[in-house]
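All values below were derived from every heavy atom in this structure, side-chain atoms included, with hydrogens, water molecules and symmetry-related copies excluded. Lettering of chains follows the sequences in order, A, B, ..., and the numbering in each one begins at 1.
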Number of protein chains: 4
Amino acid sequence: MNKRDAAETKARILSAAERLFSEVGFDKARVDDIAKEAGVNKALIYYYFESKDEILETLFSSLVEDAKRMLVESVEKTSDVLNEDNYKALFDVYIRFIMEKRKILKVAIAESVKESSSISVVMELGNLIINAEIESIRKACESKGLNYPEDKKEILVMEFFTGLMPFICFALFEDQWESYYHMSEKELCEYFYKAFKKTHLAAHLPK
Amino acid sequence: MNKRDAAETKARILSAAERLFSEVGFDKARVDDIAKEAGVNKALIYYYFESKDEILETLFSSLVEDAKRMLVESVEKTSDVLNEDNYKALFDVYIRFIMEKRKILKVAIAESVKESSSISVVMELGNLIINAEIESIRKACESKGLNYPEDKKEILVMEFFTGLMPFICFALFEDQWESYYHMSEKELCEYFYKAFKKTHLAAHLPK
Amino acid sequence: MNKRDAAETKARILSAAERLFSEVGFDKARVDDIAKEAGVNKALIYYYFESKDEILETLFSSLVEDAKRMLVESVEKTSDVLNEDNYKALFDVYIRFIMEKRKILKVAIAESVKESSSISVVMELGNLIINAEIESIRKACESKGLNYPEDKKEILVMEFFTGLMPFICFALFEDQWESYYHMSEKELCEYFYKAFKKTHLAAHLPK
Amino acid sequence: MNKRDAAETKARILSAAERLFSEVGFDKARVDDIAKEAGVNKALIYYYFESKDEILETLFSSLVEDAKRMLVESVEKTSDVLNEDNYKALFDVYIRFIMEKRKILKVAIAESVKESSSISVVMELGNLIINAEIESIRKACESKGLNYPEDKKEILVMEFFTGLMPFICFALFEDQWESYYHMSEKELCEYFYKAFKKTHLAAHLPK
DNA sequence: GATGAATGAGAATTCATTCAT
DNA sequence: AATGAATGAATTCTCATTCAT
């Protein structure tokens, strides 16, 4: 087999692992089942990865890398985030990213919440995103001649807990909401945008 | 030993379990370690509980019961939530509750996020809290002669994702924030209130 | 079950392990088989021992402890080792000890020979025995007015390689000798005593 | 690649295997590591050898062949072994051989000691060597008009346990002695010769 | 000859749970 | 109520060996 196949096999393993981890949790997911789902021999998993932990680390690394890429791209595209149309476009980019990554995000949250995990992925990822966000807003303010808010910590807290977290929680619970409140993804997403605009976005926009 | 001791033993087991579950996660927590932490014989745990799962269920039930009690009490005490001073008092009650329950909340989130968990505690708890909240606001609106918003679903979504979730995430990540951004709990909490007021609360208050 | 049974169970495990280790070697011996041989559940082995390694360490410790006990007793009993009758008695004690311990000695040799084993049991045991032996001889010399040999290192080397090692090798290969050269244990043992007397003992006895 | 390289590759594999077997024992040595140490692909090992066992058998065969060659040569060179100078020369030949082969000898001992090994290499090798030795002595006796000892078994036992075994044990434990008793190889070797002369050799020499 | 990928059959260790007292 | 001992079913990881190229 050539490198092409090897990479594909590795990807299949990662994808199966991601699915299982998000379904039953990292600890309950069995390597045996990952192998079955990926259609490979169990030992082959250990040929590509040191341990079950390393699979998770690889998935987390990809998540962070993809987030970085997404942020760079979205910063390039967006000019003035404080304009509502632009913000909606950005919102869509974020929602798409977060929904695409929902599986691994669930695992990331579940693992990050454990007190034993030193530097959690969620903190790393969060830091990345809120700083990019803050930067965008700062630029938008400057270009408009508005003076950008003062206290760095205040804005960090606001971005993280009332900006990022609702997003992430949307990805986390969207499917349960669908069945619990009988709403479609589209409907939910629209309501979520409304809510987000009224709360977080409103706090940013000049009154 | 008498019933007093029995109840206390059971409580010790629950408390040890809660601690361990939140530290390493439900699946990684070993019954052996719970016994050690609680200072009881492992078999005794099975005298009081059917299984490890039942311990978790008991903890989750307590959480829900305590939330109900807290909600009833806070509803009784608070008259007009749309007044900022009153809201601050309510905010404090919520923060206190959520911080007191942070350990089991971490476990609840981690478990609820798994796609295999049918009706997650978080949805149950969330439903409870946002409905109480909505009720409070409705009453406040009525007493002020303001007409209460229209769409039930819209308000549910807003309360859940931009009201409750930031709170819960605060409980989840407060400790990691402390060490990551070098802030004290008090400082963080103050910033969080500011952010919450500017976003979620602002959306409720009449302009 | 009471402590009596627990100790007996542990002993059964150790005995089964000793048998298997000596038969197929430590590495090839399976914990499954130890359990089967001992008539206990495999998990019970891990209730009493941390790991397969710990079983071996326990066996080695017992070997060393038993050797110490044997040496103390034999020193007490024997007065003048340089008298042939006394020496024969001592020889018998040694032979009996070494034959009784042949199983674990085989394992000890096999493990000690590995370059990865830091301080091998064989060196530890050897040091113990040759020092006891040297002490006996020194005392016998003194009581006879003979002056005891000079160079400590010289005597250490002689005791270890031409005294102890033939003994240990006797325990190691006695059974293979029986079938290879068609000799009974008794016959072999007699020849061995003759050989030992002519070589090692002769070197000690005054000409 | 040509035959020269093939032979060299095979030799590299054998040498790496010998090193690893002696370091961690045959069972713990992994084919993967042999490949790494030899700088070849793992599958290539199976091109040259049927199995891991066959590698060991090849090493053991070489040991026996080399022993035979060494014995033939030393018999040719040595005339009268009962003369001390000649004996010292022979001793040096043996010591050199045994030290050169120490790695594989360690493996041989470890494997031979297992009760499951039918005809152990050590017995085979031992038989070879002690018979050559006995033959030398017999010739020396005859040439001197001394009558050679009667009982074949007696002399076999003596040669094996008090002649060969100390030698082999010297190869086995020399390095551990160096570090345990802080002696150099040269020093140890000299003491060993003294001890050997006083015990085994003395038994052969006419009084 | 040589290699990266793949596999089957283990093997040690774990762990929730139960039993006997 | 309480405990030490015991168990069955996993579960992660290993490793000699083979395959396809």
Side-chain angles (χ1 to χ4, degrees), chain A residues 1-10 27-35 39-55, chain B residues 1-3 5-6 8-10 27-35 39-55, chain C residues 1-10 27-35 39-55, chain D residues 1-3 5-6 8-10 27-35 39-55:
Chain A
M1 302 242 170
N2 57 31
K3 294 224 170 173
R4 188 82 166 281
D5 290 345
E8 202 235 284
T9 301
K10 210 174 166 180
D27 293 313
K28 273 248 178 79
R30 291 161 53 213
V31 176
D32 255 305
D33 289 336
I34 298 175
V40 303
N41 182 286
K42 185 179 24 165
L44 194 58
I45 293 183
Y46 288 93
Y47 179 75
Y48 287 112
F49 301 95
E50 285 261 308
S51 63
K52 192 180 153 188
D53 278 276
E54 213 204 51
I55 300 178
Chain B
M1 303 236 171
N2 58 34
K3 293 225 171 177
D5 290 345
E8 203 237 283
T9 301
K10 210 174 164 179
D27 292 312
K28 273 246 179 84
R30 293 167 53 214
V31 176
D32 257 299
D33 289 335
I34 298 175
V40 304
N41 182 283
K42 184 174 36 162
L44 194 58
I45 291 183
Y46 287 90
Y47 180 80
Y48 286 113
F49 301 94
E50 283 264 307
S51 64
K52 190 181 159 190
D53 280 279
E54 213 206 48
I55 301 178
Chain C
M1 302 243 169
N2 57 33
K3 296 223 170 171
R4 189 83 165 282
D5 291 343
E8 203 235 285
T9 301
K10 211 174 164 179
D27 293 312
K28 273 249 177 79
R30 291 162 51 213
V31 176
D32 255 303
D33 289 336
I34 297 175
V40 303
N41 182 286
K42 184 179 25 166
L44 194 59
I45 291 183
Y46 288 92
Y47 180 75
Y48 287 112
F49 300 94
E50 286 259 309
S51 63
K52 193 179 154 190
D53 278 277
E54 213 205 52
I55 300 178
Chain D
M1 303 234 171
N2 56 32
K3 294 226 170 176
D5 289 346
E8 201 236 286
T9 301
K10 209 173 167 181
D27 292 311
K28 273 247 177 84
R30 294 165 54 215
V31 176
D32 257 299
D33 290 334
I34 297 175
V40 304
N41 181 284
K42 183 173 37 159
L44 195 58
I45 291 183
Y46 286 90
Y47 180 80
Y48 287 112
F49 300 95
E50 283 265 306
S51 64
K52 191 180 159 191
D53 279 279
E54 212 206 50
I55 300 178

I need the [atom1]-[atom2] distance between [X] and [N], as an integer number of Å.
| X | N | atom1 | atom2 | result |
| --- | --- | --- | --- | --- |
| Glu54(B) | dT17(E) | CD | P | 10 Å |
| Lys10(B) | dA2(F) | NZ | P | 13 Å |
| Lys28(B) | dA16(E) | NZ | P | 13 Å |
| Asp32(C) | dT14(F) | CG | P | 18 Å |
| Lys52(D) | dT18(F) | NZ | P | 14 Å |
| Asp27(C) | dG10(E) | CG | P | 18 Å |
| Ile34(B) | dC15(E) | CD1 | P | 12 Å |
| Glu8(A) | dA6(E) | CD | C1' | 14 Å |

With side-chain contact (heavy atoms from CB on, under 4.5 Å) as the criterion, how do Tyr46(D) and Val31(D) come out once you've worked through the C-alpha distance, each side chain's angles and the decisive distance to 0.1 Å? CA-CA 10 Å; Tyr46(D) 286 90; Val31(D) 176; 3.6 Å; yes
Of Asp53(C) and Val40(A), the one whose closest DNA chain E nucleotide lies more 5':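 The residue whose closest nucleotide sits nearer the 5' end is Val40(A).
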OG1 on Thr9(B) to CD1 on Ile45(B), rounded to 0.5 Å: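 Spacing of CD1 (Ile45(B)) from OG1 (Thr9(B)) equals 11.0 Å.
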Gap separating the CD1 atom of Ile34(B) from the NZ atom of Lys42(B), nearest 0.5 angstrom: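 The CD1 atom of Ile34(B) sits 11.0 Å away from the NZ atom of Lys42(B).
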Minimum-distance pair of heavy atoms, taken over all atoms of Ala35(D) and Asn41(D):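 Heavy atoms only, the tightest pair is CB-C, 4.2 Å.
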Minimum heavy-atom separation for Asp27(A) and Lys52(A), please, with both atom names.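 Nearest heavy atoms, Asp27(A) then Lys52(A): O-NZ, 3.4 Å.
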Under 4.0 Å, heavy atom to any atom of DNA chain E: which of residues 41-50 of chain C qualify?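 Close to the strand are Lys42(C), Ala43(C), Tyr46(C).
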Hey, does Ala29(B) reach any base, or is it just sugar-phosphate, or nothing, if we go heavy atoms under 4.0 Å?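 Sugar-phosphate only.
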With heavy-atom distances below 4.5 Å as the criterion, would you say the side chains of Phe49(D) and Lys10(D) are in contact?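 They are in contact (side-chain heavy atoms under 4.5 Å apart), so the answer is yes.
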Once you build an axis from the first five pairs and another from the last five of the helix from dA2(E)-dT21(F) to dT21(E)-dA2(F), how far apart in angle are they, to 10 degrees?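 Here the helix ends are tilted 20° relative to one another.
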Do the side-chain N or O atoms of Thr9(A) get closer than 4.0 angstrom to the phosphate oxygens (OP1, OP2) of dA6(E)?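 Yes, such a contact exists.
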